[in-house]
Structures are given as structure tokens and as C-alpha cells.
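Letters A, B, ... are given to chains in the order of the sequence lines, protein chains preceding strands, and every chain is numbered from 1. Small disclaimer: the values here were computed from a predicted structure and weren't measured.
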Amino acid sequence: MIRLGLCCLFREEPITFRSTTARYLTGFPRPERLARLSALCLHNARSLGQALGYAAAHGIGAFRALSQFFPLYTHPELGYGLDELPAASAIRVELAQIARFRAAHGLRLSFHPDQFIVLSSPKPEVAANAGRELAYQTLVAELVGAEVINVHAGGAYGNKQEALARFAKHFRELPEGVRSRLTVENDDRTFTVRDLLPLCAETGIPLVYDVHHHRCLPDGLSEGEATRLAAATWERTGREPYFHLSSPRHGWGSGRPRPHADYIDPADFPACWRGLDATVDVEAKAKELAVRRLKRDLSL
DNA sequence: GCATGTCAAGTTGTG
DNA sequence: CACAACTTGACATGC
């Protein structure tokens, strides 16, 4: 059975996630910085709990958390540890409640680090920074019971094979908690499903199949083949595959199909996904409204 | 109060 | 060579 997932934010429901900027925070002495960050982290923890409550109430089976859940956690100057925050214990209580609620309702939780997380980089400091960021998201993932941290393969630097070899090398150097959660997604500029399958075979990393990216950057595989091959990379883990779906804001014939539309056109839902056991993250700007509309349109 | 410009990080591709 | 696109706001600032 297909379960639909909501990504990061709400359009109408009053559930918000707060952040701040490094530039602004730099102006305060460290104790006040930590106090401000603490308030944001506690707010975000409570909002994540509300988000899961909303999902459970509306038959939404998965939620993707914001990367900036703990704002600036890994920043080189402004970074901090959870237990340095004045509200650390209240935050831990919230996260533990979320973990229980998530498990009780069978909801899936995932993280999707930003574009700065590049495990294929030839620059040691970039790969090291990626490791720090992944360690942070893993810390939160462990506290709330999230099972997936999904990344793109990054840049090719003129040679995809070498870039993927560096990705695999850096992957093997990551802690077990990160490795067991990490997944890799085909993107719309560089790495296709066909490119990533050898990496997945070699490392055991599950492949998240984004059909919109596949349509923007085809690789000779049909959607049915890509679906089957991507799903096969999940079998070893015993977990349900993750797919991503969006519709083009300006239409397929517009010359710029990449930007996401407010809602999903049901015609963009691949016929070969019907009846599968899979989680489909809905990447649509109308957020919870789009998930609920698609659920209705597909009679899920 | 409300509108607007800015925001840590990387890479690619366009103008 | 500079800069927008990725995602997508939310925030601080300035009027």
C-alpha cells in the first residue's frame, strides 16, 4: 500500500519551524546566543510533535523534518551541543514523546540535508563538514526514531565514476548510526538512477527514487525499471522504499520543468507505483493541502 | 505595523 | 566571470 509523506512545512495549518541567522546571532554574547537558540530548538521540537499529530489525524504516513531543526548546530563558530542549551531537558522530553508517538502510530520520519552536504567532494574539508552535519542529523534521528537521512550524490567534478568512488570511501568512514540511515537520491542535474545503482550495490545504500528528477534528467531506464531497481536496493534493509513525487510548476513543455507546483497532477503519479508498498514524499508547495488532495485524487 | 532584502555551508549551468 | 537555482521560508531591519 502507498503511504504519502509531507515535507518539512505547512501552508495553512499553524505549525511553524523557526530559525535564525549566523550574522544576527554573532552580535550577542554566548549565553544570550544559547538562550535564543534554546528557545528556537524547543519551539521546533514542539512543532515536530504537532506535525506528527496532524499526520496521524489525516492519514499521512510520513514526515520529513527540516535540516535546520536545531538551527546552526554545526556552525564552525556558533555551533553548540544540545546539553548546552538552557532548555535541554525540556527538549529531550519533547523528542522522547515524539519518538513514542511516532512508533505508536507507525509514522515514518526522515531528514534531507541541504545541498552543502557533499560526500563526493575531493576537498577534505567539504567531506569533513558533511560528516559533521550528518552526525548532527543522526543525533536528532536517534532521539526521535527517524530511520532515513537522504542525500544527493553531490558534484561530478568532470568524472562521475571517481566522484562516486569518493562518496563510497567517505561513506565507509562514517559512524554506524549514520551509515544505517543514509540513503541516496537521483538528482536532476548529474546523477541518475542508472549512475547510482552501482554505488548502491557496492555499499548497500538504499536508493530513493525521485521520479520528477528522473523525468528532468532521463537515463534510458523506464519509470517501471527505475522503480523496480530502486525498490530492490531496500530489500536488504527490510524497510519500505521511499519515492519522491512532484509536478512541474510551469508544465512539462515549458522548458523549465524543475520548479515544483503547488499541487500534484494525479497524471504525474506513475502508474507502476499503484499497489506497491512504498512511501511517497509529496514535494509540492501547497504542502499538507497537496498531500490531502493527492490522497483523495488517488482514492488512497 | 508592514514590506523587503538577506541568509553558513557547494556545485552546476546559464547569461 | 558573476550569479541564480536548488528549497522555502522566516527573520531582522528599515520605513
Choose from [options] the nucleotide whose nearest atom is closest to any side-chain atom of [X].
| X | options | value |
| --- | --- | --- |
| A/Thr74 | B/dA9, C/dC6, C/dC11 | B/dA9 |
| A/Arg189 | C/dA12, B/dA8, B/dG13 | B/dG13 |
| A/Tyr24 | B/dG10, B/dA8, C/dT13 | C/dT13 |
| A/His213 | C/dT8, B/dC7, C/dT7 | C/dT7 |
| A/Lys123 | B/dT11, B/dA8, C/dC6 | B/dT11 |
| A/Pro259 | C/dC6, B/dA8, C/dT7 | C/dC6 |

With a 4.0 Å cut-off on N to O distance, would you call [X] and [Y] a salt bridge?
| X | Y | result |
| --- | --- | --- |
| A/Arg181 | A/Glu147 | no |
| A/Glu173 | A/Lys169 | yes |
| A/Arg215 | A/Asp188 | no |
| A/Glu12 | A/Lys287 | no |

Below 4.0 angstrom from OP1 or OP2 of [N], is there any side-chain N or O of [X]?
| X | N | result |
| --- | --- | --- |
| A/Arg18 | C/dC11 | yes |
| A/Thr20 | B/dC7 | no |
| A/Lys287 | C/dG9 | no |
| A/Tyr157 | B/dT11 | yes |

Using a 4.0 Å heavy-atom cut-off, does [X] contact any base of the nucleic acid, only the sugar-phosphate backbone, or nothing at all?
| X | value |
| --- | --- |
| A/Pro76 | base |
| A/Glu283 | nothing |
| A/Ala156 | sugar-phosphate |
| A/Leu72 | base |
| A/Glu125 | nothing |
| A/His260 | sugar-phosphate |
| A/Asp187 | nothing |

Interatomic distance, [X] [atom1] vs [N] [atom2] [rounded to whole Å]:
| X | N | atom1 | atom2 | answer |
| --- | --- | --- | --- | --- |
| A/Asp188 | B/dT12 | CG | P | 13 Å |
| A/Leu66 | C/dG9 | CG | P | 11 Å |
| A/His244 | C/dC6 | NE2 | P | 17 Å |
| A/Gln115 | B/dG13 | CD | P | 15 Å |

A/Tyr24 ring center within less than 6.0 Å of A/Phe28 ring center: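 Between A/Tyr24 and A/Phe28, which both carry aromatic rings, the centre distance is below 6.0 Å.
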
Between A/Tyr209 and A/His244, ring centroids under 6.0 Å: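 No, they do not, as the ring centres are separated by 6.0 Å or more.
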
Aromatic stack A/Phe116/B/dA9: centroid gap under 5.5 Å, interplanar angle under 30°: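 Base of B/dA9: stacked against A/Phe116.
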
Residue closer to the 5' end of DNA chain C, A/Leu9 versus A/Thr21 (nearest nucleotide):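 Per heavy-atom nearest nucleotide, the more 5' residue is A/Leu9.
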
Parallel, tilted or perpendicular: rings of A/His152 and A/His112 (30°, 60°):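 Geometry flag for A/His152 against A/His112: tilted rings.
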
Secondary-structure stems for DNA chain B, with pairs counted as Watson-Crick or G-U when both distances are under 3.5 Å and runs at least 3 long: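 So the stems come out as B:1-7 with C:9-15, B:10-15 with C:1-6.
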
Between CG on residue A/Leu196 and NZ on residue A/Lys160, distance to nearest 0.5 Å: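 Taking CG in A/Leu196 and NZ in A/Lys160, the distance rounds to 9.0 Å.
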
Separation between the P atoms of B/dG13 and C/dT7, rounded to whole Å: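 B/dG13 and C/dT7 have their P atoms separated by 15 Å.
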
